[in-house]
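Contents: one structure, followed by commentary.
Just the heavy atoms: all of them, side chains too, but no hydrogens, waters or symmetry mates, feed the values below.
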Amino acid sequence: MCGVTIIVDCYNHERFVGATIESALAQDHHPLQVIVIDDGSPDRSQEVIKGFGDRITPIFQENQGQVAACRNALALAEHDIVIFLDSDDLLEPHAAGTVASHWRDGVSKVQYCLHVIDDHGERNGNIFPKFAESLTPEAVRAEIFRTGSYPDSPTSGNAYDRQFLTKALPLLPRRNGFDGELNGIAPLYGDVISLNQPLGSYRIHGDNDFALNELNVDKFTEYLRHSEARLAFIREHYRSMGREITDDVLTRDLKYQEYALVVEKLGEPADGQPRRLLQVARTALTAALTSPHTFAQRAFRSMWMAAVTIAPRPLAAWLVEQRFIPGRRAGWITSIATMRQRSAPEDSKPTQVGHGLSRVRPSSSHV
């Protein structure tokens, strides 16, 4: 069975990094390697990391950013499967073993679902992303060329092929939050397998880069710009490999269109520019109805878009909070959203595996 290397990249997370490392070390899979790299944290993160002694491979560097940190840690990776675990997230004990059991030649990435937890590690009942059974490697490839994206997981919800990473990491923009670009080019290098099973936990707290704790329309504008920059990188990389992604793919990208609807509904109009709410809503609804999600997910998101469009602004703001801010989500909404995961067997099978060339966080499916 394939060995797994878990790389914990840490910056200023002394509150969480200890629990994160413990979850990496608690894997029931062998061989296993745990590398922890601290990117010049000014808090006590390095002291916490040093406390694990020779149970881990520690790296301490001056602040260079997440991409540089992960690239430097990758140079010490011993195994073919690599998981980048954010230092505020957690892995289930069977995560590495489950990924390894589904691994095969020709895979560039295995992605899986994540529980949502709070500062104290308590689950709020939500699990994301919600992968459709039809999300095969072939469907992933088709979505890239149709929308410039596909349903994916944020950083801690992915296991990558090490050879793919050695080619891809040097090409990524030198900044934090690189999962969108990395996930976007993964289908060029192999199959992307999606597991409908939560193998880790994504922590939402006051210092997340992209996850929301309160409604801020400017954040959605940032999501749009981030998505556009991600697409520009992906399009250029595909072009360099002799594959072309058309200019109009964002009109079919469901996540992008959801962000655009929020900005158009709740943001202030640009000087002298009329509102385009109905036009934006029509495009967003079309993106939802043609997305690769399940029928229930398409129906839910279409109804949400229609409600946001016609609702008074205070009610529309509440609807946006319920959709994008798990900490403010009503319990009955969480129950509906997670019904499918709760009813699924624990040993859920992956979506069908194909062969050959196969988070935003705005680039990832939102919680």
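Side chain of Ser41 to backbone of Asp43: no donor-acceptor contact under 3.5 angstrom is found. Distance alone, capped at 3.5 Å, is enough to place a donor-acceptor pair between the His29 side chain and the Cys2 backbone. Remark: the backbone N or O of Thr294 is paired with a side-chain donor or acceptor of Gln297 at under 3.5 angstrom. With Gln27 contributing its side chain and Ala95 its backbone, the two residues share a donor-acceptor pair below 3.5 Å. Between the side chain of Ser108 and the backbone N or O of Ala186 there is at least one donor-acceptor pair closer than 3.5 Å. When atom types are taken as modelled, the side chain of Asn158 and the backbone of Pro154 share a donor-acceptor pair closer than 3.5 angstrom. Using a distance-only test at 3.5 Å, with no hydrogens or angles considered, a donor-acceptor pair links the side chain of Ser45 to the main chain of His13. Arg252 places a side-chain N or O within 3.5 Å of a backbone atom of Arg146 that can act as its donor or acceptor partner. Between the side chain of Lys265 and the backbone N or O of Thr309 there is at least one donor-acceptor pair closer than 3.5 Å. A donor-acceptor contact shorter than 3.5 Å links the side chain of Ser23 to the backbone of Thr20.
Both Leu171 and Phe84 belong to a common hydrophobic cluster when Ile, Leu, Val, Met, Phe, Trp and Tyr are linked at side-chain heavy-atom distances under 4.5 angstrom. A single hydrophobic cluster is seen to contain both Met305 and Leu224, as judged by linkage of ILVMFWY side chains at heavy-atom distances under 4.5 Å, directly or through other members. The hydrophobic clustering, which links ILVMFWY residues whose side-chain heavy atoms are closer than 4.5 Å, places Ile83 and Ile117 apart. Hydrophobic clustering (ILVMFWY, side-chain heavy atoms < 4.5 Å, transitive): Leu188 and Leu231 are in one cluster. Placement of Val110 and Leu32 within a single hydrophobic cluster is found when ILVMFWY residues are connected by side-chain heavy-atom separations under 4.5 Å, directly or transitively.
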Kindly determine whether Glu92 and Arg123 satisfy salt bridge (charged side-chain N to carboxylate O under 4.0 Å, His left out), including the steps that lead there. CA-CA 13 Å; Glu92 295 294 310; Arg123 295 176 181 174; 3.0 Å; yes
When you look at Asp9 and Arg71, which way does the salt bridge (charged side-chain N to carboxylate O under 4.0 Å, His left out) test go after all the steps? CA-CA 10 Å; Asp9 61 288; Arg71 187 169 61 241; over 6 Å; no
In sequence, state the C-alpha distance, the side-chain angles, and the governing distance for Ile204 and Val116, and then conclude on side chain to side chain contact (heavy atoms under 4.5 Å, CB included). CA-CA 7 Å; Ile204 294 182; Val116 178; 3.7 Å; yes
Side chain to side chain contact (heavy atoms under 4.5 Å, CB included) assessment of Ile59 paired with Asn72: CA-CA 9 Å; Ile59 306 173; Asn72 292 340; 5.5 Å; no
Where do Phe220 and Tyr223 land on the ring pair (Phe, Tyr, Trp, His ring centres under 6.0 Å) test, with the steps shown first? CA-CA 5 Å; Phe220 287 89; Tyr223 292 168; 5.4 Å; yes
Residues Asp38, Gln46; criterion side-chain hydrogen bond (donor to acceptor under 3.5 Å, both in side chains); working and verdict: CA-CA 7 Å; Asp38 183 81; Gln46 294 192 13; 3.1 Å; yes
For Asp86 and Arg203: C-alpha separation, side-chain torsions, deciding distance, then whether salt bridge (charged side-chain N to carboxylate O under 4.0 Å, His left out) applies. CA-CA 9 Å; Asp86 284 341; Arg203 191 188 303 268; over 6 Å; no
Just do the ring pair (Phe, Tyr, Trp, His ring centres under 6.0 Å) check on Tyr112 and Phe131 with the steps written out, would you? CA-CA 9 Å; Tyr112 42 86; Phe131 297 124; 9.0 Å; no
Walk me through it: do Val140 and Leu135 pass the test side chain to side chain contact (heavy atoms under 4.5 Å, CB included)? CA-CA 6 Å; Val140 167; Leu135 191 65; 3.9 Å; yes
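Between Glu133 and Asn196, the side chains place a donor N or O and an acceptor N or O closer than 3.5 Å (distance only, hydrogens not considered). Between the side chains of Ser156 and Asp89, at least one donor N or O lies within less than 3.5 Å of an accepting N or O. Tyr160 and Asn183 share a side-chain donor-acceptor pair at under 3.5 Å. Residues Gln111 and Ser153 bring no donor and acceptor atom of their side chains to less than 3.5 Å of each other. Between the side chains of Tyr189 and Gln163, no donor-acceptor pair of N or O atoms lies under 3.5 Å. Between Arg162 and His79, the side chains place no donor N or O within less than 3.5 Å of an acceptor N or O (distance only, hydrogens not considered). For Asp39 and Gln64, the side-chain atoms include no donor-acceptor pair closer than 3.5 Å. Side-chain polar atoms of Ser149 and Lys255 form a donor-acceptor pair below 3.5 angstrom.
Listed by chain and number, the residues in a side-chain hydrogen bond (donor to acceptor under 3.5 Å, both in side chains) with Glu62 amount to none (sequence neighbours excluded). Residues passing the ring pair (Phe, Tyr, Trp, His ring centres under 6.0 Å) test with Phe145 are Tyr238, sequence neighbours excluded. Judged as a salt bridge (charged side-chain N to carboxylate O under 4.0 Å, His left out), and not counting sequence neighbours, the contacts of Arg235 are Asp247. Applying the side-chain hydrogen bond (donor to acceptor under 3.5 Å, both in side chains) test to Asp218 and every residue at least two apart in sequence or in another chain returns nothing. In this structure Trp304 satisfies the ring pair (Phe, Tyr, Trp, His ring centres under 6.0 Å) test together with Phe324, sequence neighbours excluded.
Residue His205 is tested with Asp118, Asp119, Asp88 for a side-chain hydrogen bond (donor to acceptor under 3.5 Å, both in side chains); the sole match is Asp88.
To the nearest 0.5 Å, atoms OH (Tyr259) and NZ (Lys219) are separated by 11.5 Å. In this structure, CG in Leu91 is found 13.0 Å from CD in Glu22, a value given to the nearest 0.5 Å. Interatomic distance, His237 NE2 to Leu172 CG, rounded to the nearest 0.5 Å: 9.0 Å. Rounded to the nearest 0.5 angstrom, Arg243 CZ and Ile144 CD1 are separated by 11.0 Å.
Ionic pairing of Asp191 and Arg104 is present here: one or more N-O contacts between side-chain nitrogen and carboxylate oxygen are shorter than 4.0 angstrom.
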Taking only distance into account, with no hydrogens and no angle test, what donor-acceptor pairs under 3.5 Å do side-chain atoms of residues 48-55 form with protein atoms, sequence neighbours excluded?
none

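Looking only at side-chain heavy atoms (C-beta outward), Arg225 and Glu222 stay at 4.5 Å or farther from each other. Side-chain contact check for Leu250 versus Glu228: some heavy-atom pair is nearer than 4.5 Å. Residues Leu182 and Leu165 are in side-chain contact: their nearest non-hydrogen atoms beyond the backbone lie under 4.5 Å apart. No side-chain heavy atom of Tyr202 sits under 4.5 Å from any side-chain heavy atom of His115.
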